[in-house]
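Chain A is the first sequence line, chain B the second, and so forth, proteins listed ahead of strands; every chain is numbered from 1.
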Amino acid sequence: MRQLITFVKKEFLHVFRDRKTLLMLFGLPIAQIVLFGFALSNEIKNSRIVIADYSKDAVTAQLITKISSGHYFDIQRSLQSAAQLEAAFKRGDIKMAVIFPANFATDLIHTGKATLQVIADASDPNLATTITNYVTTIVNDYNAQLNNDAGQPMQILPEVQMLYNPELRGAPNFVPGVMALVLMLVCTMMTSVAIVKEKELGTMEVLLVSPFKTVYIIISKLTPNLLISLVNLFIILLLSDVFLDLPVKGSLLLLVFDSMLFILTSLSIGLFLSINAKTQQAAMMGSLMGMMLPTMLLTGFLFPIENMPLPMQWLSNLVPSRWYFIIVKKVMLKGLGIAAVWRETLILAAMCVFLFGVSLRRFKIRLQ
Amino acid sequence: MRTLLFLLEKEFRQILRNRQIIRILFIAPVIQLILLPLAADYSVKNISIAVVDNDHSTTSRKLIDKITASGHFRLAGYSGSYKQALVLVEQDKADLALEIPAHFEKDLVRENAEKVFVAINAIEGTKANLGGAYLRSIIADFNSALRLQWQSTATATGDDAPQISVASSNWYNPYLNFNLYMVPAILVTLVTAIAAMQSAFNIVQEKESGTIEQINVTPLKKHIFILGKMIPFLALGIIIFSMGLIVSRVIYGIVPVGNLLVLYSSLVVYLFSMLGMGLLLATYSTTQMQAMSLSFFFINIFNMMSGIFTAVDSMPKWAQAIVETFPPSHFIKIMRMVVLKGSGFNDIWYHLAAMAVLGLILNGWAVLNYHKTA
């Protein structure tokens, strides 16, 4: 036992000696939470559009005022010709063009119909759909006004309520995602590199020939990372409460417990990677390429999992951060208790035990 | 010049010798490029909806049919009460809940107006936004169809109210294919992660193993040494990029609309700036662990903020100003512009110039900060 404590101490010294890495370990989550929390948003606003008005009458003027009010659109100068439109799209200057044909109001009054043209740059499909929808809604509202809808028979009035996140901020979705991402990568990379480094430098041999038990080597390697991750977790939670107005609505104890499970799972993955990697570079690239993008994409915080093809959905079940992300959303944002997350907790626990067991068994006592 | 050639030979041998790294460098991006776009489908479909029908009339049934038949929504189930429906939303089994009040049909006819209640889980902003918009437009459609039916059977006023309609068209990607948008961006992140960060690791590795001191005591010029480190990774980046283009053509049928010359010249400028960043990070790190932490810090921020996943235009002005200084954000824009819209040099010159300036700054900084003394 005394041996173990001494070794844990040694590992801590290793970690704390490297100030730059330490700074990065704590700076990363802070910078990310602040940057992403304030900067990222799923709401589409300030889209640059042009309006071409070939009619210039009272109706188009009213519609243009309606479109330009609000923060959805940023109206660029009007354009003269179709060739200019194409060029502006190609330069990426504008995302959409709204075109009112000549005699717009006259057509509307005489034939009862007028059509305005909307051309969206659909290279970003979601943006195109959303801003086209905005314009359609504005036009529909105007139609209703025009026809003095109060007199219309049979109106169905949808009353829409946005739950949990009424302002559609990006933060509630990104904070749990960043938590999963940061904890996962810190644990996986730090662990795998710390072990492979000893292999590379040859000090692992010294450890292996000593009477020190293999399990102890592993425990002493994991302890500092576990503690750093826990500190990180509290920093993130504190920052999101203070700056982003996202307090932990549910039980803090439950959240910390599940985070511990997730951290242990990630540490086991790091351990597993270190068994197979020969150089620090391979361990790093393995965790960076093998873990970062899959974690970002298969966790569900950037892309909805139910949209993926079935094999991908099965694959995403194997990504621990997916389950952790669900837990954080439910406990932290929705304030639900263990009854709502017991399944996810069990899955994480099973993954943790399995990965740790396999890594422990496969941890080689010999280098060659 | 001859020294540079020898140095290059050494670097290439060193890189190619490590099988594990070669595997990661070449196979990982191909696999990722094949798999990841499958996951990165952000088109909003399959929104699940929980319905509370307190009316059970023909009209309410028709409305529900219309919603589920639209293709955007999937029925998560009927609930007995609004509360139960909210539980479904809480458990993530439904994204939104729709409540049709009792006497819906009757009130519609008698009072001429009736409310329906919609509650949307807004944690996922895009889904909430689009889901709400779809639902509203479906209800509006249903409403006008109902009115028309009612008018033609009851009264034949026939007085057509003036209507403005919107004719929308989607340029450059008429079928709203999400892969066209994502694959070029994912390719950029792969090139970034591999080519640029490898150069940092490579130099720091020499520092850590002490071989850099051997180079430092030789009469080798500083800039030759740096060129010797940069050129192999430039080549590597170009190879990986080309492989990526082939993969996206074979698997996803994406053929760049624009000129390949434009693409490759932008790639070289981009790699120049990112390799400069790798060098800079290397001059500030003494261990591979440090180089990794630093590069991971930046890669992660680049990935999240460069407009791959969320629109840069929606960010606050200060954040947009920060993003301007990220080389990947410019290259991602160029990629999407050239691949999808066929933009040429005169369309992308601003982004190209921005990358070149950033590259000069980063490289200059790195050279100034690199000392041949230990």
Side-chain angles (χ1 to χ4, degrees), chain A residues 20-21 24 28 39-46 90-92 108 112-115 117-120 122-128 132-133 136 139 143 147 153-165 168 172-173 193 280-282 284-285 289 297-298 302-303 306-309 312 334, chain B residues 20 24 28 36 38-42 46 90 108 112-113 115-126 132-133 136 139 143 146-147 160-173 176 178 181 201 288-290 292-293 297 309-311 313-315 319 336-337 340-341 343 347:
Chain A
K20 278 181 194 156
T21 308
M24 206 44 59
L28 176 73
L40 296 186
S41 151
N42 280 320
E43 200 188 8
I44 291 167
K45 50 193 176 193
N46 306 326
K90 279 199 172 173
R91 269 198 309 275
L108 189 65
K113 251 185 271 168
T115 304
Q117 207 188 351
V118 172
I119 300 169
S123 49
D124 181 348
N126 268 357
L127 187 90
T132 308
N133 264 335
T136 314
V139 171
N143 271 334
N147 298 327
M154 303 180 75
Q155 282 184 72
I156 303 176
L157 308 166
E159 205 154 90
V160 178
Q161 187 194 1
M162 292 288 179
L163 300 171
Y164 310 116
N165 179 18
L168 290 177
N173 199 30
V193 172
Q280 286 187 66
Q281 230 176 341
M284 277 185 277
M285 289 315 278
M289 300 297 295
L297 293 176
L298 292 176
L302 288 171
F303 302 101
E306 63 269 25
N307 271 4
M308 299 173 191
M312 290 298 268
K334 294 184 182 174
Chain B
Q20 222 169 10
I24 294 174
L36 295 180
L38 290 176
D41 186 354
Y42 212 157
N46 297 325
E90 262 182 4
L108 209 52
N112 262 336
K115 285 176 182 161
V116 291
F117 299 98
V118 181
I120 305 176
N121 176 5
I123 291 180
E124 277 178 46
T126 314
R136 255 185 276 221
I139 292 176
N143 204 175
L146 194 71
R147 228 176 259 157
D160 268 27
Q163 277 281 338
I164 300 171
S165 53
V166 175
S168 60
S169 48
N170 292 311
W171 280 15
Y172 307 114
N173 186 4
L176 300 177
F178 212 67
Y181 182 63
F201 294 155
Q288 289 188 61
M289 181 84 109
Q290 286 173 1
M292 176 193 69
S293 313
F297 179 80
F309 307 111
T310 56
D313 287 343
S314 307
M315 293 180 187
R336 284 178 173 157
M337 283 160 86
L340 278 118
K341 304 188 215 170
S343 307
D347 298 315

Tell me, out of B:Ala319, B:Gly132, B:Ser343, who's got the most heavy-atom pairs with chain A below 4.5 Å.
->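 Of the options given, most contacts go to B:Ser343.
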Among B:Ile139, B:Leu340, B:Asp347, which has the most heavy-atom pairs under 4.5 Å with chain A?
->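 Winner by heavy-atom pair count: B:Asp347.
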Test item: A:Asp124 and B:Arg336 side chains (from C-beta on) under 4.5 Å apart, heavy atoms =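 A side-chain contact under 4.5 Å is absent here.
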Contact origin within B:Phe297 toward chain A - heavy atom pairs under 4.5 Å |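 Both parts, heavy atoms under 4.5 Å.
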Might you point out which heavy atoms bring A:Ser123 and B:Tyr181 nearest each other, and give the distance in Å?
->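 Taking every non-hydrogen atom into account, O-CD1, 2.7 Å.
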Do you know the tightest heavy-atom contact between B:Met337 and A:Lys90?
->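 Between these two residues, the closest heavy atoms are CE-O, 3.0 Å.
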Residue among A:Val139, A:Thr132, A:Val118 with most heavy-atom pairs under 4.5 Å to chain B |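 Looking at each of A:Val139, A:Thr132, A:Val118 in turn, A:Val118 comes out on top.
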A:Asn133, A:Thr115, A:Ile119, A:Asn46: which one forms the most heavy-atom pairs within less than 4.5 Å of chain B?
->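 That would be A:Ile119.
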What distance separates B:Arg136 CZ from A:Thr136 OG1, expressed to the nearest 0.5 Å?
->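 Atom-to-atom, B:Arg136:CZ and A:Thr136:OG1 are 12.5 Å apart.
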